Enquirer: 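Could you have a look at this structure, given as structure tokens, before my questions?
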Amino acid sequence: MNDFFTFLVLSLFVVMSPGIDTALITKRTISDGRKDGYKMALGLSTGSLVHTFAAAFGISAILMQSAVAFEIVKYIGALYLIYLGLSSFISKKKVASDENENNPEIKKSAFKQGLFSNVLNPKVAMFFLTFLPQFVKIGENATQQLIMMGVIYTVLSITWFFVYVLLINYLRVWLMSPKVQRIMDKATALVLIGFGLKLALDKQH
């Protein structure tokens with residue numbers, strides 16, 4: 001019971017700490033509204049479930065043992081984050097607000113962006129491989145425990161993300177002012193590009 005409480009507290013700290021997830025949600029909520037913010041949050045959380053099952057059934061362990069596989073996934077994930085960051089600089093110049101309403105593809109991509117950015121980040125896989133097993137009880141089914149903890153972590157994530165989207169959406173009128181918008185777009189873009197470069201330059205161990 002004590003280990004479970006520790007797991008909950010640490011998970012909350014991890015979930016609520018600023019990072020790639022909050023940067024993506026902030027960008028999407030400000031640019032396209034609460035609905036797309038929720039979709040982004042769902043995509044990110046679904047990615048956590050993918051990593052949970054991968055860790056539980058040993059797929060992530062295989063990935064971590066293969067330097068080539070790790071590097072391939074790492075660079076794909078890094079390039080995707082850099083692409084999302086660069087698109088923040090470019091999209092605002094090309095996409096007007098009326099185009100957003102007439103182009104459903106832009107809005108439909110929120111869930112996929114969240115999913116891909118999470119699944120293609122091997123650091124997330126490494127987190128699930130190193131964090132969750134610390135709370136596995138010896139003598140009980142490890143796979144079931146890992147899945148249960150992963151689901152709890154995902155529920156905590158989606159809960160926090162939805163609250164965060166509501167907060168960002170509440171401030172959206174102020175955040176949508178041209179001056180603030182330019183600053184937020186550039187800041188978010190730099191964060192995403194920075195994370196992408198850091199991911200690409202990080203060593204496996």
Side-chain angles (χ1 to χ4, degrees), residues 1-57 59-60 77 80-81 84 88 106-137 140-176 184 187-188 191-192 195 199:
M1 185 67 178
N2 186 47
D3 288 342
F4 181 72
F5 178 75
T6 303
F7 165 73
L8 285 178
V9 173
L10 290 177
S11 294
L12 279 173
F13 273 106
V14 172
V15 166
M16 297 178 69
S17 62
I20 298 174
D21 294 351
T22 50
L24 289 170
I25 291 174
T26 300
K27 175 182 179 296
R28 196 70 190 201
T29 303
I30 293 174
S31 62
D32 295 315
R34 184 174 59 184
K35 186 176 180 181
D36 271 37
Y38 288 152
K39 289 180 181 179
M40 177 69 75
L42 286 171
L44 291 165
S45 299
T46 302
S48 294
L49 283 178
V50 172
H51 283 294
T52 294
F53 283 97
F57 292 103
I59 299 174
S60 290
Y80 187 69
L81 288 176
L84 291 178
S88 295
I106 295 177
K107 295 187 177 182
K108 285 181 180 179
S109 65
F111 178 85
K112 292 180 181 179
Q113 280 188 358
L115 176 63
F116 291 154
S117 67
N118 194 303
V119 171
L120 293 175
N121 188 347
K123 293 297 181 181
V124 179
M126 188 176 292
F127 166 77
F128 276 88
L129 273 176
T130 56
F131 179 69
L132 297 184
Q134 296 181 45
F135 303 96
V136 172
K137 294 181 180 180
E140 299 182 16
N141 191 305
T143 300
Q144 290 181 1
Q145 291 182 70
L146 287 171
I147 292 175
M148 183 188 71
M149 287 187 288
V151 170
I152 292 173
Y153 181 88
T154 301
V155 170
L156 291 175
S157 297
I158 195 66
T159 301
W160 165 244
F161 289 158
F162 273 34
V163 171
Y164 184 74
V165 169
L166 283 174
L167 292 173
I168 294 297
N169 190 68
Y170 181 76
L171 298 172
R172 190 171 177 242
V173 174
W174 174 71
L175 293 171
M176 282 298 288
M184 289 294 294
T188 303
V191 168
L192 292 174
F195 272 114
L199 180 60

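Note that the coordinates shown come from a computational prediction; the quantities given were computed from them, not determined experimentally. For the single chain, residues carry numbers from 1 onward in sequence order.
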Enquirer: As an exercise, state the distance from CG of Asp36 to NZ of Lys27, rounded to the nearest 0.5 Å.
Expert: 10.5 Å
Enquirer: Could you pull out the closest heavy-atom pair between Val119 and Gly47, with the gap in Å?
Expert: CG2-CA, 3.9 Å
Enquirer: Atom OG in Ser157, atom CG in Leu12: separation rounded to 0.5 Å?
Expert: 9.0 Å
Enquirer: Under a plain distance cut-off of 3.5 Å, with no hydrogens placed, do Thr29 and Tyr164 share a side-chain donor-acceptor pair?
Expert: no
Enquirer: Closest approach of Ile147 and Ala56, non-hydrogen atoms and distance?
Expert: CG1-CB, 3.7 Å
Enquirer: Quick one: OG1 on Thr26 to CD1 on Ile168, what's the gap to the nearest 0.5 Å?
Expert: 4.5 Å
Enquirer: Between atom CZ of Phe161 and atom CE of Met16, what is the distance when rounded to the nearest 0.5 Å?
Expert: 11.0 Å
Enquirer: Can you label the angle between the Phe53 ring and the Phe57 ring as parallel, tilted or perpendicular, going by 30° and 60°?
Expert: parallel
Enquirer: Give the minimum heavy-atom separation between Leu44 and Gly114, together with the two atoms involved.
Expert: CD2-O, 3.3 Å
Enquirer: Under the side-chain contact (heavy atoms from CB on, under 4.5 Å) rule, what do Leu146 and Met149 come out as? Steps first, then yes or no, please.
Expert: CA-CA 5 Å; Leu146 287 171; Met149 287 187 288; 4.2 Å; yes
Enquirer: Dump the intermediate steps for side-chain contact (heavy atoms from CB on, under 4.5 Å) on Met40 and Ser45, then the final yes or no.
Expert: CA-CA 9 Å; Met40 177 69 75; Ser45 299; over 6 Å; no
Enquirer: Run the ring-centre check on Tyr153 versus Phe128 and record whether the distance is less than 6.0 Å.
Expert: yes
Enquirer: Over all heavy atoms of both residues, which pair between Val124 and His51 is shortest? Give the atoms and the distance, please.
Expert: CG1-CD2, 3.4 Å
Enquirer: At what distance, to the nearest 0.5 angstrom, does CG of Leu156 lie from CG of Leu8?
Expert: 6.0 Å
Enquirer: Please report the closest heavy-atom contact between Val15 and Trp160, naming both atoms and the distance.
Expert: O-CD1, 3.4 Å
Enquirer: Taking side chain as C-beta onward, heavy atoms only, is Ile152 less than 4.5 Å from Ser11?
Expert: no
Enquirer: Can you check side-chain contact (heavy atoms from CB on, under 4.5 Å) on Thr52 and Val151, steps first, answer last?
Expert: CA-CA 8 Å; Thr52 294; Val151 170; 5.5 Å; no
Enquirer: Would you say that Ser109 contacts Arg28 through its side chain, given a criterion of any heavy-atom pair below 4.5 Å between the two side chains?
Expert: yes
Enquirer: Does any non-hydrogen side-chain atom of Phe111 lie less than 4.5 Å from one of Thr46?
Expert: yes
Enquirer: Roughly how far, to the nearest 0.5 Å, is CD1 of Ile30 from CD1 of Ile25?
Expert: 11.5 Å
